[in-house]
Amino acid sequence: MRFTYSDEQAMLLDSILRFGQEHFPPTERHRLIRQGRSGETDAWARMADLGWLLLPIAEECGGLGGGIIELMALGEGFGRNLVPGPYMASCVLAPALLARGGAVQDDLIEQIGAGEAIVAAALLEDDGGYDLHHVATRATGSDEGWTLDGAKAHVEDGGDAEWFIVPARTAGGVRDRDGLSLFLVSASAPGLRVERFRAVDGHRHARLELEGVAGQLIGSQGDALADIEAAVARASCGYLAEAVGSMEAVSAITLDYLRTREQFGKPIGSFQVLQHRMVDMTVACEEARAMLCHIALSIPKGDAAFQRAVSAAKVRISECGIYVGQQAVQLHGGVGFSDELIVSHHLKRQMMLAIAHGSIDHHRMRFAA
Amino acid sequence: MRFTYSDEQAMLLDSILRFGQEHFPPTERHRLIRQGRSGETDAWARMADLGWLLLPIAEECGGLGGGIIELMALGEGFGRNLVPGPYMASCVLAPALLARGGAVQDDLIEQIGAGEAIVAAALLEDDGGYDLHHVATRATGSDEGWTLDGAKAHVEDGGDAEWFIVPARTAGGVRDRDGLSLFLVSASAPGLRVERFRAVDGHRHARLELEGVAGQLIGSQGDALADIEAAVARASCGYLAEAVGSMEAVSAITLDYLRTREQFGKPIGSFQVLQHRMVDMTVACEEARAMLCHIALSIPKGDAAFQRAVSAAKVRISECGIYVGQQAVQLHGGVGFSDELIVSHHLKRQMMLAIAHGSIDHHRMRFAA
Amino acid sequence: MEFELDPADLAFREEVRAFFATGIPDEWRTRVRAGLRLNPEELVAYQKRLAARGWGAPTWPVEYGGTGWSPIRQYIFWTEAAEADAPAQFHQGLELIGPIIFTYGSQELKDRYLPGIVNADDWWCQGYSEPNAGSDLASLRTRAVRDGDDYVLNGQKAWTSYGHVASHCFVLARTSDEPKRQQGISLLLVDMKTPGITIRPVATMDEKHHTNEMFLDDVRVPAANLVGEEGRGWEYGKVLLDRERMVTASVAIFLIQTVKAIREAASRRTIGGVRLIDMPGFKAKLAQYEIEVTALQTMVLRVMADAAAGTDSGPLGSMIKLRWSQLSQAGTALWVGALGPRAAHFAPLDNSHDLPADMPYAMQGALYARVTSIYGGSSEIQHNIIAQRALGLKG
Amino acid sequence: MEFELDPADLAFREEVRAFFATGIPDEWRTRVRAGLRLNPEELVAYQKRLAARGWGAPTWPVEYGGTGWSPIRQYIFWTEAAEADAPAQFHQGLELIGPIIFTYGSQELKDRYLPGIVNADDWWCQGYSEPNAGSDLASLRTRAVRDGDDYVLNGQKAWTSYGHVASHCFVLARTSDEPKRQQGISLLLVDMKTPGITIRPVATMDEKHHTNEMFLDDVRVPAANLVGEEGRGWEYGKVLLDRERMVTASVAIFLIQTVKAIREAASRRTIGGVRLIDMPGFKAKLAQYEIEVTALQTMVLRVMADAAAGTDSGPLGSMIKLRWSQLSQAGTALWVGALGPRAAHFAPLDNSHDLPADMPYAMQGALYARVTSIYGGSSEIQHNIIAQRALGLKG
């Protein structure tokens, strides 16, 4: 049993940290993010060159077959420097869903891995909360193929996607666990209305309305839910590691600030109240990291244990991350609230990570179920 | 609009404080409480002499007709010195229920006021939570009167009661709001089994099992719930004021300790973390007191507003009281945990007050309803 | 204790309620509930409407154009304003400099500046904070050097809220060096059109432009614009302590707007056909929030009643500031939580996309709320103040 | 990272599981889950059973009668013990003085005292704290004066846990006055039957007799019972820092018992026919608790893995102590809450009355839990330690 990364994983993390510092140093990052996708394309191409876009893709799909721990190293690295981009959506979640099969899908996975396509999964619907089984969108089959009707309330990182993976009902009622199938839909498909939004962390999401939109069935019919849940749990691990990386980074920045910033003639880190707050932030980081380990420990116990561990981690890591982010801003005072320092950006990312693929409340009840 | 007691109310509070110091100074209090009721009888007789037992009883029942504010002054005074005894149960709750009518009841109210009888209301049942409308106990009428069958899970301050006021169904299903009637039952009635328990704060409660127990109907039949709820809300005001008195007292004791206790060569109150904790305790006391005022402000708005205000106050005062009690113990360190100082007794009383007539969770949902 | 309003106050309440029954545009609502300031033009229009009714300065004495209202009437006024989703009045002129001018200023300054504040002809901003000062205000470095009939100002100010909008600024500057850092500081009234003033916007995490850096390069201010005596500016600032208590108190009343906003958001959203507001988990959270807001409101009322009775409220002002910022943060966070996944939809990237009904303001309010525990004396400073002044605990 | 146990460890787990499948009486369960110590006789019986199996000292080297287990095996052992509702072993001999004796003690002391600890023939208590010392341990006043072959002890000790049961006591006493208060302190092993020792029970808020005052009046201790060198007792205490980390870590594992207790209590109680555990509000609270316990368990496992790898865990030990006490308190409070109104039924006043199934221990555990954030370095001290040692923040 070992709680540290293997040498190879540590090297990966190290490269990602250097990549983040190089492509997204705090000041540049700001400017690039304001440019939308175009500000990220250089970095994305570089990631493709480095093979990172292929890393989490299964070997049988032509990827490098990275496991959860590799994904965590990636996420942690991204989180430390707040590297933007639709990585978890397009390189982790989408390929896992596309792996359900089909020749077209293989091509698409290849494009994803080469940095040539961005794909996002449209999983949430109005009135569905964060429940993946809540799908009112219907697929109708005919000789000419499938057409989809319905709406998707939120597509994580769907703002730049050329393709959407859309769960739709081929059978069953809105909240049934059976009867779900996955369809691949082009972002430019007739009948599809895509609304795009920017979140406070710079990520770009989408909302879909589908009226008679053509979709290609991915894999078999009616049994997609288990794969969706597994894929989301997997992608969530990347996000959770990102949250841990981000909170550790902002915690370190804050500790440094406490040591150097002077008020009333002494470093503010000499005030006991701020010392203890910093300790609580440090404990929160430790707890969060422990929850990543808890996920890793659950893997050998099978998928149900793994998903439950992910929900547990989602609850605690989100709570810790938001706490650390808020306190980092608070301890920095006015400059913490400014947009200039990276500090507030960590808080905003934590707030968004906390609701990506399910809020704290959602996952707490899922854990309890 | 005035937030301070009137001169008369302030004088009442003052007498109660002196009474508490005289009869229950911390060391004596301990010894007396261990004796059970017999340790409290002298003080109870003195309270009868002073007319305090009559104070909360309605004028039309022969009492002094004290209002909610007088009750708060009483409760606050009791809380400051942790005066024991079944005051709220026997002098507030019971007379308010007995006021529903009947000649025997008038006699009993007189005895209560004279300190000659202790009466407790048996309001809670297993499977009922803190819901006053949950009553499975049934009353059967015949030519010879009423007999009661059922069980009561908890009778607040019922450990020394000579009489119990027992809600029972004369109609309706277990959780119906209609069909409840009140019965007076002697503690020595055949068929009644009384189990008596001591709580951690020294109060003595009871649990009842009734098998064909004779009971006298109090007032009219089938419509008792509104009166029960009103009477409980009224008695709760006394408890809430007691909680505020107790938390302010233990907060003051703690502040004094911080100023005088030395560690590492200086008063522990010079450590910023303890200063801020003490501030949080002080804020909690202020919030709690504000909730008492909120109740008072709600009185002119009618009974529904009053009961909702009581539920709101129950939530916040209980939270604040437990917080203050816990922190008082914590800041005192080892001696705070000892039984010798009054400090831990405040915490224990706060814990018990927090569940008397409904837990925090119960009242939060009642407020939200 | 007496908790009923007397008949005259009840009648006053009706009058205020009638006033607020109209004139508050619907499009203000979400921003107001999110604790965000309206646009300057909107705030000016609101202030002018109040001034026209004679209610421009609810806390000022009648002789300076105020209403002369008792604290209880002020409470009634703010409560009714809050209930009607009216905004809080912009406070920098009304509460921060106005009272200093009418307490310490010359007759000339009173005549020249007070009406402009009440009627919203002028917009004042505050030049107190400096880049490296933070919570340690007395460490300020901006200098004012007397030169003939003028003072010449040089220095840099930070966190100059609404400096980009203001017509005037009140500036603390050092006029002499004294052993005690709080001495030798003077208070000057500055026209923002004076040459040498540069305003640079400071971007903040809520993506709303409200604050600035201000650079003062040889800014000449007539000596007549000195408030009171030279070197006593720090002292004058103290008059604010009492008043700031009332400012926070009045703002705290407006939290009932946040409660409404959360309730509406949670009534709109359903999960599996059940409204969020009917789900036990959310219901309990909202109830808890409403109860804590109620406690705070009642603390505010107590401050008002104390003020009416001439009683000292002790540290209650600091406590209200503390709790208010906590509840601003908790409330907006709960609101954003009620939006579900769409809380990620902060700004449309193309035209004509519908944001959720209360976005982006719910999120912007949640972000903005983070600064409420930093400005005006951070929560840590409030704790220190209460510990030292009210509890007598010394470092 | 590697998270799977190797086959030998898996086999070891089976062995431990089999051991705990029997021999844990049902009547221990509630007390154990409430974090309360069993009676001394029960603890002795348990320790003897472990010793008979060769598992009396899980953390000691084999040469002193320990198991020599790797940290991972210790973790497995404690996890299995916890799952089986076995108690934590009484630690004062095993973890507090035993390791000091085998690290610093003479061969004579080792031979004389170590077997008695492992086999539970002796019961050790700790004589460190003093009445006015509190968190400032180094301010101790008990004196040991050399007189011939003896030291003569005079002084007063506070919080002598299980002093009323103990056969032996390890005492810190001042043997000389030095400028640095931590110097001149010596560690002596004292037989509790020595004349001059008086034990006076201290009543505590949980109504369980576990602690005492100890008065030492001319207590003669053979000089051979000095551990190590005179005047270096404070230093020896430091070896405990490392070990205490493991003690807390092992105790923290036992919180899974509290989770079970809460779940059972909430499964028993119904409101309107619905089990408490099926109500969303309670369900969420228990889930939150279980998640936080999970985080702590994993932190413990990390300490164990670090120890196995010979890596320094830094402040993780202090963090575990902090979080463990918070969770002990939160868990027992949740349990008591699950009892509903009957949480007020702490002790029957007449005979033959039935308490709720888990009373009085649930309540007693909740009361006892309040001291967990006070003893063994209060939570405030733990914060100081982490701030200073791990974060390098200086007062």
Side-chain angles (χ1 to χ4, degrees), chain A residues 30 36 124 126-131 134 153-154 156 159 174-175 194-201 203-207 261-265 268 271 273-274 277 322 326 329-340 343-345 347-348 351-352 355-362 364-365, chain C residues 129 131-136 138-139 158-159 202-207 211 269-274 276 279 281-282 285 329 333 336-337 339-350 352-356 359-360 363-364 366-368 370-375 378-381 383-384 395:
Chain A
H30 221 130
L124 303 180
D126 281 324
D127 189 42
Y130 294 96
D131 293 336
H134 182 110
H154 173 74
E156 186 75 16
V174 173
R175 291 178 66 80
V194 184
E195 298 184 355
R196 296 179 174 86
F197 304 93
R198 176 176 63 80
V200 292
D201 59 356
H203 277 250
R204 292 172 297 277
H205 310 294
R207 191 169 174 272
R261 163 78 169 165
E262 299 208 349
Q263 289 254 283
F264 304 104
I268 60 174
F271 291 99
V273 160
L274 305 194
R277 192 88 51 83
I322 288 176
Q326 289 177 341
V329 168
Q330 179 72 23
L331 295 190
H332 275 82
V335 295
F337 183 67
S338 82
D339 215 36
E340 220 165 293
V343 174
S344 63
H345 297 261
L347 171 55
K348 290 197 270 191
M351 289 166 72
M352 292 295 102
I355 57 170
H357 299 310
S359 66
I360 292 171
D361 287 350
H362 171 82
R364 194 188 291 112
M365 290 320 273
Chain C
S129 295
N132 289 301
S135 291
D136 185 10
S139 69
W159 312 116
V202 172
T204 49
M205 69 179 283
D206 55 349
E207 300 197 16
T211 197
R269 183 148 169 257
T270 60
I271 301 176
V274 181
L276 186 59
M279 295 181 170
F282 196 89
K285 281 193 208 174
Q329 293 169 350
V336 166
L339 296 177
R342 298 211 63 194
H345 299 184
F346 182 64
L349 286 170
D350 322 88
S352 81
H353 291 344
D354 280 343
L355 287 174
M359 283 286 264
M363 176 59 80
Q364 203 166 33
L367 297 175
Y368 178 71
R370 301 315 312 174
V371 83
T372 63
S373 54
I374 295 172
Y375 70 42
S378 70
S379 292
E380 291 78 12
I381 294 287
H383 273 91
N384 284 347

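Predicted model only: the values in this text are computed from it and were never measured. Naming convention: chains lettered A, B, ... in sequence-line order (proteins, then strands); numbering from 1 in each chain.
- With a 4.5 angstrom heavy-atom cutoff, A/Asp127 touches chain C via backbone and side-chain atoms both.
- Of all non-hydrogen atoms in A/His357 and A/Tyr130, the two that sit nearest each other are C-CD2, 4.4 Å.
- Looking at C/Glu207, the atoms closer than 4.5 Å to chain A (heavy atoms on both sides) all sit in the side chain, from C-beta outward.
- The side-chain tip of C/Arg342 points at the ring of A/Phe197 from less than 6.0 angstrom away and within 45° of straight on.
- For the set A/Ile268, A/Val200, A/Val174, A/Leu124, the entry with the most heavy-atom pairs within less than 4.5 Å of chain C is A/Val200.
- Proximity to chain C is limited to the side chain of A/Met351, based on heavy atoms less than 4.5 angstrom apart.
- Highest contact tally toward chain C, considering only A/Gln330, A/His134, A/Met365, A/His154, is held by A/Gln330 [criterion: heavy-atom pairs under 4.5 Å].
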Using the side-chain contact (heavy atoms from CB on, under 4.5 Å) rule, take A/Leu331 and A/Val343 through it: C-alpha gap first, then chi angles, then the decisive distance, then the call. CA-CA 10 Å; A/Leu331 295 190; A/Val343 174; over 6 Å; no
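- Within the 4.5 Å cutoff, side-chain heavy atoms of C/His345 are placed close to those of A/Arg207.
- Using a 4.5 Å cut-off between heavy atoms, A/Arg198 contacts chain C through both its backbone and its side chain.
- Contact of A/Ser338 with chain C is made through backbone and side chain together, with heavy-atom distances under 4.5 Å.
- By number of non-hydrogen pairs under 4.5 angstrom with chain A, the leading residue of C/Gly340, C/Ala158, C/Ser379, C/Ser373 is C/Ser373.
- Heavy atoms of C/Tyr368 lying under 4.5 Å from chain A belong to its backbone as well as its side chain.
- Proximity to chain A involves both the backbone and the side chain of C/Leu367, based on heavy atoms less than 4.5 angstrom apart.
- Contact annotation for A/Val335: both backbone and side-chain heavy atoms come within less than 4.5 Å of a heavy atom of chain C.
- Residue A/Ile322: no heavy atom, backbone or side chain, is found under 4.5 Å from chain C.
- C/Arg370 touches chain A through backbone and side chain together, each having a heavy atom under 4.5 Å away.
- Between A/Phe264 and A/Phe271 there is a side-chain heavy-atom pair separated by less than 4.5 Å.
- Looking at heavy atoms from C-beta onward, C/His383 lies out of side-chain contact with A/Val273 at the 4.5 angstrom threshold.
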Start with the C-alpha gap between C/Asp350 and A/Glu195, add the side-chain angles, then the distance that decides, and say whether side-chain contact (heavy atoms from CB on, under 4.5 Å) holds. CA-CA 7 Å; C/Asp350 322 88; A/Glu195 298 184 355; over 6 Å; no
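- When heavy atoms are compared at a cutoff of 4.5 Å, A/Asp201 does not approach chain C at all.
- Nearest heavy atom pair, residue A/Gly334 against residue C/Ile374, reads N-CG2, 3.5 Å.
- Heavy-atom distances place no part of A/Ala356 under 4.5 Å from chain C, backbone and side chain included.
- Of all the listed residues (A/Gly36, A/Ala153, A/Ser359), the one sharing the greatest number of non-hydrogen pairs under 4.5 Å with chain C is A/Ala153.
- The two atoms that bring A/Ser344 and A/Gly336 nearest to each other are CB-O, 3.3 Å, heavy atoms only.
- Highest contact tally toward chain C, considering only A/His205, A/Lys348, A/Glu340, is held by A/Lys348 [criterion: heavy-atom pairs under 4.5 Å].
- Note on C/Ala347, C/Ala203, C/Ala366: by heavy-atom pairs under 4.5 Å with chain A, the leading option is C/Ala347.
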Step by step, work out the side-chain contact (heavy atoms from CB on, under 4.5 Å) result for A/Ile355 and A/His362. CA-CA 9 Å; A/Ile355 57 170; A/His362 171 82; over 6 Å; no
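- Neither the backbone nor the side chain of A/Ile360 comes within contact range of chain C; no heavy atoms are under 4.5 Å apart.
- Residues C/Asp206 and C/Thr204 have side chains that bring a donor and an acceptor to within less than 3.5 angstrom of each other.
- Considering all non-hydrogen atoms of both residues, A/Gly129 and C/Arg269 come closest at CA-NH2, 3.7 Å.
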